[in-house]
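Report on the following structure.
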Amino acid sequence: MNLQEYEALRLFASAGAKVPKHILVKDVEGAAEAYKAIGGTVALKAQVAVAGRGKAGGIVKVSSEAEVRAQAEKLLKSEIKGLKVESLLVEEWINAEKELYLGFTIDRSAKKAVALACGVGGIDLEDLVKSKDFTLVREHIDPLKGLMRYQAYHLAKGIGLKGGAIIRFVDLSIKLYQLFKSLDCELLESNPLALCKDDLLIALDARIIVDDNALPRHSELAQSSLDLNPLEREARKEGFSYVDLEGDIGVIGNGAGLVMATLDTVTYYGGRPACFLDVGGGASSETVEKAVRLALRNQRVKVLLVNVLGGITRCDEVALGLVNALQANRTIPIVVRLVGVNEEAGRRLLREAGIGYYESMEEAAEAAVKALRGD
Amino acid sequence: MNLQEYEALRLFASAGAKVPKHILVKDVEGAAEAYKAIGGTVALKAQVAVAGRGKAGGIVKVSSEAEVRAQAEKLLKSEIKGLKVESLLVEEWINAEKELYLGFTIDRSAKKAVALACGVGGIDLEDLVKSKDFTLVREHIDPLKGLMRYQAYHLAKGIGLKGGAIIRFVDLSIKLYQLFKSLDCELLESNPLALCKDDLLIALDARIIVDDNALPRHSELAQSSLDLNPLEREARKEGFSYVDLEGDIGVIGNGAGLVMATLDTVTYYGGRPACFLDVGGGASSETVEKAVRLALRNQRVKVLLVNVLGGITRCDEVALGLVNALQANRTIPIVVRLVGVNEEAGRRLLREAGIGYYESMEEAAEAAVKALRGD
Amino acid sequence: MAILIDAKTRVLVQGATGREGSTHTASMLNYGTKILAGVTPNRGGSTVSGVPIYDLVSEAVESHPEINTSIVFVPASAAPEAVYEAIDAGIKLIIIVTERIPIHDTINLVAHAERKGAKIIGPNCPGVITPEVAKVGIMPAHLFKKGRVGIVSRSGTLTYEVAWALTRSGFGQSTAVGIGGDPVVGLGFVDVVQMFEADPETDAIVVIGEIGGDAEERLAAYIRRQGLAKPIVAYIAGRSAPKGKRMGHAGAIISLGSGSAEEKRAALIDAGVNVAELPSQIPILLKKAIQRRA
Amino acid sequence: MAILIDAKTRVLVQGATGREGSTHTASMLNYGTKILAGVTPNRGGSTVSGVPIYDLVSEAVESHPEINTSIVFVPASAAPEAVYEAIDAGIKLIIIVTERIPIHDTINLVAHAERKGAKIIGPNCPGVITPEVAKVGIMPAHLFKKGRVGIVSRSGTLTYEVAWALTRSGFGQSTAVGIGGDPVVGLGFVDVVQMFEADPETDAIVVIGEIGGDAEERLAAYIRRQGLAKPIVAYIAGRSAPKGKRMGHAGAIISLGSGSAEEKRAALIDAGVNVAELPSQIPILLKKAIQRRA
């Protein structure tokens, strides 16, 4: 779960990190009030949890109330990378002598958390990782002892800090690592982290992604889901894995790998998937029915492709769910591939409802693409 | 540091363990008030941090205000194992169906913490460890992962618990282990731990010894020292290792092992040491002077034996300290053994002050014993 | 002898009395898997499909010292402790079916297992099957057939899809291993491929990867470095997945600028691995690869 | 070659710029110990007695890859991290002089060292000296003399007392090891006695124990089980110590009904060890024991 920026800033502050003054606002009037409270120069930051927000015009520097009003109005009407801007953060503008990067994430190959630092900030971690222009310094963290001060010290020296800045960087690293660990984060970063005069370090930006699997033990966190669109939010509530895509063939299946392979097969035959929807293992007819209804609410879906290989999942349950969902509401073509446990009973149900089915995933995907073209 | 019982009970309760109602009182009137508040049958418990308090008459069961007054008065005038009773705990009397033992301590050979449980409670751990009559169940705790529930479960089954009692015992064990660890304890025990009806577990007694070396990070703990007599408390304040003994030859030296060996040598020659006083390494003349003054405040000391092998400690500093301390106050014989760094300078100072000295520890100890006998 | 699971495998089921645990205990027994005991705290003394249940792993192992493998169905909140319990009782192969274990917990338990020399498979995995010998997992076994192709996969259903395609093409399987769909798992592609390479009962290897992480790239690097005597075919799911979106599995996400299917395919092809574009091509590529080597 | 410390020992001093650290750096150098570097965070670039100081152990080791031993003077609150740093930098022998390290910290660091195959001596120990070769510790070196008796001790000053008594009696020492006075320490009596037993430059062994714990009983049990080819003499301090009182050292306390000098003496005598009643008897018993074996 991507935390909202203001919540991440609050958590940073409670962990002992310095952050700029900031106020969350939902409208132009609020932005103007917030500006009056903070004064001087401020940043207006669109609250959308996507990387590259700055580059996409989501952060604006302003120095007067009039400017605040004008820019806030513009931002609150905009969409950034497909996500509507519903609120803004009005944040004190900090003059940094240097911008740095400090973050913590999971290194899958090392099977450990890793601390990352860079002497350049404000650039996507993705670009930092790939670029040859900057040195990204890494320290793997032994799960049995946590981040050690000497490791943080090594990061600080590695990104060229000196004297008092090293000590402050070490202290901040230890605090933020503790936050990263205690919140079960997948990612925690400050980018940029401002090095100001007197060696002060101020987190101009705070980004936290909490491991979804750990949310049950973090009831203290507001469940935010700014990185999801409305349909994705609803699907999550229903317990489905659902991802909105940009094509027109809706894909439903059982098992994440199988659904991904189905998307790929559709693409292989020249089609474009409209969504990824995994009903999981052992779905009941009710679950399948819900899934179909959900997919059909995606306006882009022009053909529905259902791919089920029944193992734990029973084909008759799937068929029943499909039939029930489509009974009243069969406005678009549906292509089904149904094999596995109880396949005969399932197929009989489909035949009775006038729904065709295929033996192989490839045939079904190809048929879905053809159905779209009206072949 | 031995925590006071009421403080240990408070910490147990804050960790989620059930404890009886209890009130700490300093006088008879307070005891009577506390009895009125608790009512029924109560235990009056002398607040002295020594093992075997119960056997020594330090715990009395009473059921009326008159009894409370009489017994409280008696207890508050008593001494238990040499320690004056300065306060009492008035504690609700709990009817246990069974008394158990649950404790955590350090197993030096395993280099790990260990959880200990016994199906019999109210008996000194010392006796539990040695007795063949009871089964003491042990689980070593991996420092890298802490006490696991299955280990606690194993303890519970090992001491014969069944059903709901197992689950409560496991929960309590995990909570008390967390307290043990977070407080840096050397020992944490509930003895007896009462198993009451409905499988309730109530800690009738709470004992906590915190690692002295960890006290700097536990400013939340009241610095109690009920296990020390006044001279010992003062010595600790001065930074000396001091232990009161029952003989008449005061022993001062540099280094714990050397002072222990000096006590043994005195004993070997038929003497009885009155105290153990280690001035530590590299003591200045001021430190030595303080040490001598402190030892002389022990009324039992009839002869003072000082044994210094100078390595980091300089013999001239030691000699100067001795001379300064004894200048005005030389009421008893003093025997000195002084060898090592700057020994010539040190011995010259002693000679000038009329203090004799020996080359070997054995000669000095023998001389001290003779001096006592007036030989 | 296949790999990991063979005729000598003696199984403990942790979380045997739960819904999943009891269903799959029955199914595994039905397949012929030798399950000696189950564990669920406070359920000691009962049975599941005739399998005796114990409160503690140590008790199960004491009564059945032949146990050498555990499969874990315990819910995510208690699963890490169940794994520690199995490790501490000396079990050297632990298959974690449980999904939704927090990643920091997995990191800790994998580190602990390494310390103690135990092999972990999963979490969030379908388990391991050595067809017609034993299944320690949740896969629909009728799709698998005894043979000489080893399968290793990050996905569950896709493994079944591929196994079934292989079976229908006449390629039985020596062993199929689901390593799990989480970002951090115990045994990885390289570990399992090494085992298949050394296994006299395996003639060829099929690898089923997906987007996210760099497990496939690490396998490619390993093959480039060490070579591989046996023919190998791979398939990578998620070519049409967008960046930054989690595709069902916790681990299936293109993030920090890496983990795309294209990169993985390129790395594997560069290492000489035959990469299928569709699952159905795997048997065909496999046939060709075997002919080429022969 | 003595044990632990020899002519090939190359030393790093952690906490080299502090009062203790700098004093003993000078004293060790003066004795001929090869100290290559010191570490104190934020003091990198300075020197102590001509020894270059670094901010990090990794930097010191990079500049001086010959470093194979570290001695730690860092204050108790930071000492555990300093030890982890040395372990992680690959140093395999770490001598912790620091006293007052909380016991739970010591438990963790000893476990970590075992995991990484590093030897820990201490904490709260005087260090190790191989007379006339090198001293990595704080002992007054003039009391020691090169020879063929190995000393291992839980106490500092008592070691000096005994070493001096041996020196005066003509028994030089191969190596003297102070294992530290805390309840939990790295190397124990058994570890060090095994090393002396295997060391061709050691002919006889002196063990100096004290009350508290069961290190002496474990040594006795080891000797009963394995036997010992070399003559051995022990002394146990604290026969006149009362129960339940800490005699200076954190570890010197008779508690939980065990750890008395009498029990330790009895166990050692039972194992065939010669136990002295006074430190001054050690050289005499040693002479007898050697004659007996000859």
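Order of the sequence lines fixes the chain letters, A, B, ..., with proteins taken first and strands second; residue numbering starts at 1 for each chain. Please read all numbers here as calculations on a predicted model, not as lab measurements.
- The parts of Ser109(B) that come within reach of chain D are both its backbone and its side chain, each placing non-hydrogen atoms under 4.5 angstrom from that chain.
- Across Gly212(D), Ser77(D), Ser153(D), the residue that shares the most heavy-atom pairs under 4.5 angstrom with chain B is Gly212(D).
- Chain D forms the most heavy-atom pairs under 4.5 Å with one residue out of Ala214(B), Pro216(B), Gly282(B), Pro273(B), and that residue is Ala214(B).
- In this structure, chain D has no heavy atom under 4.5 Å from any part of Val259(B).
- In this structure, Ala256(B) and Gly248(D) approach most closely via the heavy-atom pair CB-CA, 3.8 Å.
- Side-chain atoms of Arg108(B) come within 3.5 Å of backbone N or O of Gly251(D) as a donor-acceptor pair.
- Proximity to chain B (any heavy atom under 4.5 Å) is restricted, for Gln281(D), to the side chain, taken from C-beta onward.
- Leu245(B) touches chain D through its side chain: at least one heavy atom from C-beta onward sits under 4.5 Å away, while N, CA, C and O do not.
- For chain D, no part of Ser360(B) is nearby; none of its heavy atoms comes within less than 4.5 Å.
- When all heavy atoms are compared, the tightest approach of His104(D) to Cys185(B) is NE2-O, 2.7 Å.
- Contacts between Asp184(B) and chain D at a heavy-atom distance below 4.5 Å involve backbone atoms as well as side-chain atoms.
- Across Met247(D), Glu114(D), Glu99(D), His142(D), the residue that shares the most heavy-atom pairs under 4.5 angstrom with chain B is Met247(D).
- In this structure, Lys119(D) places its NZ atom where only 12 or fewer heavy-atom neighbours from other residues, nucleotides or ligands lie under 6.0 Å away.
- Atom CZ of Arg224(D) sits in a crowded spot, with more than 12 heavy atoms from other residues, nucleotides or ligands closer than 6.0 Å.
- Leu309(B) has its side chain within reach of Leu143(D): a pair of non-hydrogen atoms, C-beta onward, lies under 4.5 Å apart.
- Heavy atoms closer than 4.5 Å to chain B are found nowhere in Ile208(D), neither backbone nor side chain.
- Residues Ile107(D) and Lys111(B) have side chains not in contact (no heavy-atom distance under 4.5 Å, counting atoms from C-beta outward).
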Steps toward side-chain contact (heavy atoms from CB on, under 4.5 Å) verdict (Lys112(B), Val184(D)): CA-CA 8 Å; Lys112(B) 279 177 182 158; Val184(D) 173; over 6 Å; no
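- By the neighbour-count criterion of 12 heavy atoms within 6.0 Å, atom CD of Glu262(D) is densely surrounded, having more than that number from other residues, nucleotides or ligands.
- Listed options Ser240(D), Ser155(D), Ser280(D), Ala261(D) were ranked by heavy-atom pairs under 4.5 angstrom with chain B; first place goes to Ser240(D).
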Chi angles and distances behind the side-chain contact (heavy atoms from CB on, under 4.5 Å) call for Asn213(B), Ile103(D): CA-CA 8 Å; Asn213(B) 291 345; Ile103(D) 191 166; over 6 Å; no
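- Interface summary for chain B: among Ile211(D), Thr23(D), Ile236(D), Val185(D), the most heavy-atom pairs under 4.5 angstrom belong to Val185(D).
- Residues Leu258(B) and Tyr160(D) fail the side-chain proximity criterion, which asks for heavy atoms closer than 4.5 Å.
- A donor-acceptor contact shorter than 3.5 Å is absent between the side chain of Glu210(D) and the backbone of Gly257(B).
- Of the two parts of Arg239(D), the backbone and the side chain both hold a non-hydrogen atom closer than 4.5 Å to a non-hydrogen atom of chain B.
- For a residue to count as touching a neighbouring chain, one of its non-hydrogen atoms must lie under 4.5 Å from one of that chain's; by this rule Arg217(B) touches chain D with the side chain only.
- Proximity to chain B is limited to the side chain of Arg154(D), based on heavy atoms less than 4.5 angstrom apart.
- Inter-residue side-chain proximity for Asp264(B) and Leu278(D) is flagged as unmet; no heavy-atom pair is nearer than 4.5 Å.
- Among His24(D), Arg100(D), Met139(D), the residue with the largest count of heavy-atom pairs under 4.5 Å with chain B is Arg100(D).
- No side-chain N or O of Thr157(D) forms a donor-acceptor pair with one of Asn254(B) less than 3.5 Å apart.
- Of the atoms belonging to Phe180(B), heavy atoms from both backbone and side chain fall under 4.5 Å from chain D.
- Remark: Arg19(D) CZ is loosely packed, at most 12 non-hydrogen atoms of other residues, nucleotides or ligands lying under 6.0 Å away.
- Atom-to-atom distance recorded for Arg246(D):CZ and Asp212(B):CG is 6.0 Å, nearest 0.5 angstrom.
- Between chain B and the options Pro279(D), Gly156(D), Ala111(D), the largest number of non-hydrogen pairs under 4.5 Å is found for Pro279(D).
- In this structure, no portion of His112(D) lies under 4.5 Å from any heavy atom of chain B.
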